[in-house]
Peer 1: 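Below is a structure I'd like to ask you about.
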Amino acid sequence: MAGVIEQNLAAQGIILHEPASPVANYVGFVRTGNLLFVSGQLCLDPEGNLIAKGKLGADVTVEEGNAAARGCAINLLAQVKAALGDLDKVARVVRLGGFVNSAPDFADGPKVLNGASDLMVAAFGEKGRHSRSTVGVAALPANAAVEIEGLFEVA
Amino acid sequence: MAGVIEQNLAAQGIILHEPASPVANYVGFVRTGNLLFVSGQLCLDPEGNLIAKGKLGADVTVEEGNAAARGCAINLLAQVKAALGDLDKVARVVRLGGFVNSAPDFADGPKVLNGASDLMVAAFGEKGRHSRSTVGVAALPANAAVEIEGLFEVA
Amino acid sequence: MAGVIEQNLAAQGIILHEPASPVANYVGFVRTGNLLFVSGQLCLDPEGNLIAKGKLGADVTVEEGNAAARGCAINLLAQVKAALGDLDKVARVVRLGGFVNSAPDFADGPKVLNGASDLMVAAFGEKGRHSRSTVGVAALPANAAVEIEGLFEVA
């Protein structure tokens, strides 16, 4: 049976799929003490297709980037569920590190990342408010538009 | 009454202003246990204007970038003060993550970041020495020249 | 006398040299509690020469980048040895943050970072599996092809 947070997400139409395991010598998450570090998640939908591909400021609009960041956040939560079994065990979203595939003159990274920040607060309420860094990068794996890593405190 | 570290900074002409709260679903800092994660700070002066705008290697000199990184560091300390009430509670500056808005051939990021590292040691002495990563990014929010995130150990 | 992990590395032909101290107000590592944060390491060989210089997708092949990432990983372990005295004290490799100097259309950062991930598992086995973020950046210090930062849990 899903916990309160996951039911809350389901009521908003968000279903967490089991994350694919990386096909390499790294893993989706590592817990140390009560800190859970989650690997950078690309903006993939449940079928494994990119929600947005290419660069903000060139190929991808801010609105599309915002939706992509939301997708990254959902994938972060899928990893947290795989790690803890239940999202209710999250005491706090500590940090999101957001990487936006950017043309050199793109200055609106925060509007993109808000798609992830809003999802965290939609899921966890006040416990979802996090520290955040947003930077525009030159390239991302698979030419994804957005990649986000996360740090969570476990209750 | 300001603590020893803050008096030390004031003697060097550095006054910490109350940081603006982010106008989004994230916050300036999150504490978990004795670790304080501070969000990426742009090179804004106390009036909210960018100290340096654009790219190192194109629009901004190393000297201007160094001053911008110092400004980021001051903004990190303003967040730490807001979090802890008193900078004297900092046991150690653990890590700075520095993002330098860079033209593709700019190789002097460390000289830029030294502006922040020097400020941390000016404030905290030996406790101010930190681990550091310096990278050149394609774009930053508001076209800022420098963004720096911080991690602090609380006594 | 070297510990088991270091003997294991030596049997694979990997010798850890004493890392150079940064010539600035930061340090190679900071330990807080049982977490060891290691500064971003460039792809330098033991003589201090870059293993690969320039950008993936332009000047550097994926194979060369993979070897460069392996070099960064060796330098991370040299810092860990300097910090702890013995790599056997590592309980877990928690996180690698990988920055690949990238032309704007380079999408194969993960294949580059695998050079570091594989080295961690070659050294530590299952304890070497880590969370990871891979991004393509516009520029790196000294025009290095790869920079990687690390987080380790100490036993």
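Note that these values count all heavy atoms, side chains included, but never hydrogens, waters or copies made by symmetry. Just so we're on the same page: letters track the sequence lines, and every chain starts at 1.
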Peer 1: Quick check on side-chain contact (heavy atoms from CB on, under 4.5 Å): which of A:Phe37, A:Tyr26, A:Phe29 does C:Arg95 satisfy it with?
Peer 2: A:Phe37
Peer 1: Atom CD of A:Gln79 and atom OG of C:Ser131: how far apart are they, to the nearest 0.5 Å?
Peer 2: 10.0 Å
Peer 1: Does any backbone or side-chain atom of C:Val121 lie under 4.5 Å from a heavy atom of chain A? Answer side chain, backbone, both or neither.
Peer 2: side chain
Peer 1: Enter the distance from C:Arg92:CZ to A:Arg31:CZ here, rounded to the nearest 0.5 Å.
Peer 2: 12.5 Å
Peer 1: Side chain, backbone, both or neither: which part of C:Leu35 has a heavy atom under 4.5 Å from chain A?
Peer 2: side chain
Peer 1: Chain C: which of A:Ser39, A:Pro104, A:Gly97 shares the most heavy-atom pairs with it under 4.5 Å?
Peer 2: A:Ser39
Peer 1: Give the interface residues of residues 132-144 of chain C toward chain A, defined by a heavy-atom separation under 4.5 Å.
Peer 2: C:Arg132, C:Ser133, C:Thr134, C:Val135, C:Gly136, C:Val137, C:Ala138
Peer 1: Going by residue number, which parts of residues 41-62 of chain C are within reach of chain A, meaning a heavy-atom gap below 4.5 Å?
Peer 2: none
Peer 1: Fit a plane to each ring of C:Phe99 and A:Phe99, take the angle between them on a 0 to 90° scale, and name the class: parallel (under 30°), tilted (30 to 60°) or perpendicular (over 60°).
Peer 2: perpendicular
Peer 1: What part of C:Ala116 gets closer than 4.5 Å to chain A, counting heavy atoms only: side chain, backbone, both or neither?
Peer 2: neither
Peer 1: Check whether C:Val100 gets within reach of chain A through its side chain, its backbone, both or neither, counting any heavy atom under 4.5 Å.
Peer 2: neither
Peer 1: Around atom CD of C:Gln12, are there more than 12 heavy atoms of other residues, nucleotides or ligands at under 6.0 Å?
Peer 2: yes
Peer 1: Can you tell me which portion of C:Asp108 sits under 4.5 Å from chain A's heavy atoms? Options are side chain, backbone, both or neither.
Peer 2: neither
Peer 1: About how many Å separate CG of C:Leu119 and CG of A:Asn25, when rounded to the nearest 0.5 Å?
Peer 2: 10.5 Å
Peer 1: Could you tell me which of C:His130, C:Met120, C:Arg129 has the largest number of non-hydrogen atom pairs under 4.5 Å with chain A?
Peer 2: C:His130
